[in-house]
Protein chains: 2
Amino acid sequence: MEGIGAKAVSEPSVRPGRRRSTSQHELEAVAFELFEREGFDATTVDAIAKSAGIGRRTFFRYFESKNDVVWGSFTEQLDHMRERFAQRPADEPLMESVRAVVVEFNRVDPAEVPKHRRRMELILRVPALQAHSTLRYGDWRAVVAEYAAKRLGEKPAALRPQAIAYAALGVSLAAYEHWLAETDLQLCDVLDEALSELARGFVLG
Amino acid sequence: MEGIGAKAVSEPSVRPGRRRSTSQHELEAVAFELFEREGFDATTVDAIAKSAGIGRRTFFRYFESKNDVVWGSFTEQLDHMRERFAQRPADEPLMESVRAVVVEFNRVDPAEVPKHRRRMELILRVPALQAHSTLRYGDWRAVVAEYAAKRLGEKPAALRPQAIAYAALGVSLAAYEHWLAETDLQLCDVLDEALSELARGFVLG
DNA sequence: GAGCATAATGGCACCGGGTGCCAAATGGAA
DNA sequence: TTCCATTTGGCACCCGGTGCCATTATGCTC
């Protein structure tokens, strides 16, 4: 087992060597179960490992940290976001493209909404995960900044692309928090509203 | 020693009981020295405590965590920000008030700039501190959201105040990163530019 | 089927941040 | 001097995370 992320696409399905005894997916299920029952902080890695029938040491071969368990396939999904950006028409206003892509990026299968909600409750409300999230969001911002830079003819590291990426992330988080706080709201609607506000500089109605 | 933050203003200067053997300020100085020489991660709390001539256990009575050492008087400064907001004319456009206050909030005595720079380099570049910063920024956002809510006639927890606070924080961080990456830039200028961009929705320019 | 190369496992020892507990040290006041 | 309030710091402990390595499982070759 080399890296920890998703396995490369070109891995032969049959190889010599011992089979992996579990999967990120399975561990995630087991862990969420425990998080639900005991809370994130009160759930030790030992407990997750035991509950999944693996050694604690092995757990850390599937996830870099306990924090990372809740992120599912986030990193891989960022590729989808890049693709969506690539498909936006070049004559569309930049912030409009950002709005559209971010909203679509966060659209989840209705059946998955409850799970998504639990996941995001953890990420946005457990301090340890809240803190850790900053590191994950860095990749998200990089995708947005890269696109913004291309559209503006600037480098991704320049002020405006970075500011746009940071701001888009910020209002998205505000939208998520609002969605979590209320019941009966459509996440995409809230995101759309928040990103629209951003695009108009928070003025007018 | 009750809380860990700044002592309440009304503490009598002479009280019974053993004197405190050091101060947040002194520990900060000692710690920064070590962070500079060895790096943040390589500096253990043990080392800081030893270097300051106190016990490791005592360190945690002055700071909640090793991460908190780098934040100086951030929390107390938030009160100043609140005051600045209170002084803005009510007929000033909201985002203009935010821009003005945030820029002024981040104005530092020229003599303190190098120190501020080192501090922010740590916060923005060391992953552990980057992650932890989210929790500290939460208080910052609350101040902005509170003011925005008042101006908009909404609750602080509502979507728009939160989105504005998150977005203002975001573009400020972008400005900080840009300031750190370049030499010979005035922080306030960069912040002003970033927040102006935000106010106009990142169009024109 | 034996042996070999390959890969994952999981135990162990260790590190470092953080906490609860408590006896000892300090210093003002009666 | 005694008493009380307060801080100190050592100790044991918990937990996340890592380096190391012998063990185990598997496919392939002879």
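Just so we're on the same page: letters track the sequence lines, and every chain starts at 1.
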N or O in side chain of B:Arg15 less than 4.0 angstrom from D:dC4 OP1/OP2:
no
C:dG17 phosphate, OP1 or OP2: any side-chain N/O from B:Ser65 under 4.0 angstrom?
no
Whole angstrom is fine here: how far is it from [atom1] in [X] over to [atom2] in [N]?
| X | N | atom1 | atom2 | answer |
| --- | --- | --- | --- | --- |
| B:Phe60 | D:dA12 | CZ | C1' | 15 Å |
| B:Arg20 | C:dG28 | CZ | C1' | 18 Å |
| A:Phe59 | D:dG17 | CZ | P | 8 Å |
| B:Leu27 | D:dG9 | CG | P | 11 Å |
| A:Asn67 | D:dC15 | CG | P | 16 Å |
| A:Ile54 | C:dG11 | CD1 | P | 10 Å |

Quick check for you: among [options], whose closest atom lies nearest to any side-chain atom of [X]?
| X | options | result |
| --- | --- | --- |
| B:Arg18 | C:dA7, C:dA25, C:dG18 | C:dA25 |
| B:Lys66 | C:dG18, D:dT26, D:dT8 | C:dG18 |
| A:Pro16 | D:dT18, C:dT6, D:dT8 | C:dT6 |

Parallel, tilted or perpendicular, as decided by the 30° and 60° cut-offs, for the rings of A:His116 and A:Trp179
tilted
Can you find a side-chain donor-acceptor pair between B:Gln130 and A:Thr134 that sits under 3.5 Å?
no
Show your reasoning for whether side-chain contact (heavy atoms from CB on, under 4.5 Å) applies to B:Val70 and B:Phe35.
CA-CA 10 Å; B:Val70 302; B:Phe35 295 160; 3.9 Å; yes
Look at all strands and tell whether A:Gly17 reaches a base, only sugar-phosphate, or nothing, counting heavy atoms closer than 4.0 Å.
base
Does any N or O donor sit under 3.5 Å from an N or O acceptor when you compare the side chain of B:Arg57 with the base of C:dG18?
no
Is a donor-acceptor contact shorter than 3.5 angstrom present between the side chain of A:Arg56 and the base of D:dG16?
yes
Looking at [Y], is [X] sitting on its ring face, NZ or CZ under 6.0 Å from the six-membered ring centre and within 45 degrees of the normal?
| X | Y | value |
| --- | --- | --- |
| A:Lys66 | A:Phe60 | no |
| B:Lys115 | B:Phe32 | yes |
| B:Arg141 | B:Tyr166 | yes |
| B:Arg119 | B:Trp71 | no |

Would a 4.5 Å heavy-atom cut-off, applied to side chains only, mark A:Val171 and B:Ile164 as touching?
no
Of all heavy-atom pairs between A:Val190 and A:Ala175, which one has the smallest distance, and what is that distance?
CG1-O, 3.6 Å
Sorted by number, residues from residues 32-51 of chain A placing a heavy atom under 4.0 Å from DNA chain D are A:Thr43, A:Thr44, A:Val45
Return the residues of residues 126-139 of chain A meeting this criterion: a heavy atom under 4.0 Å from some atom of DNA chain C. Order them by number, or give none.
none
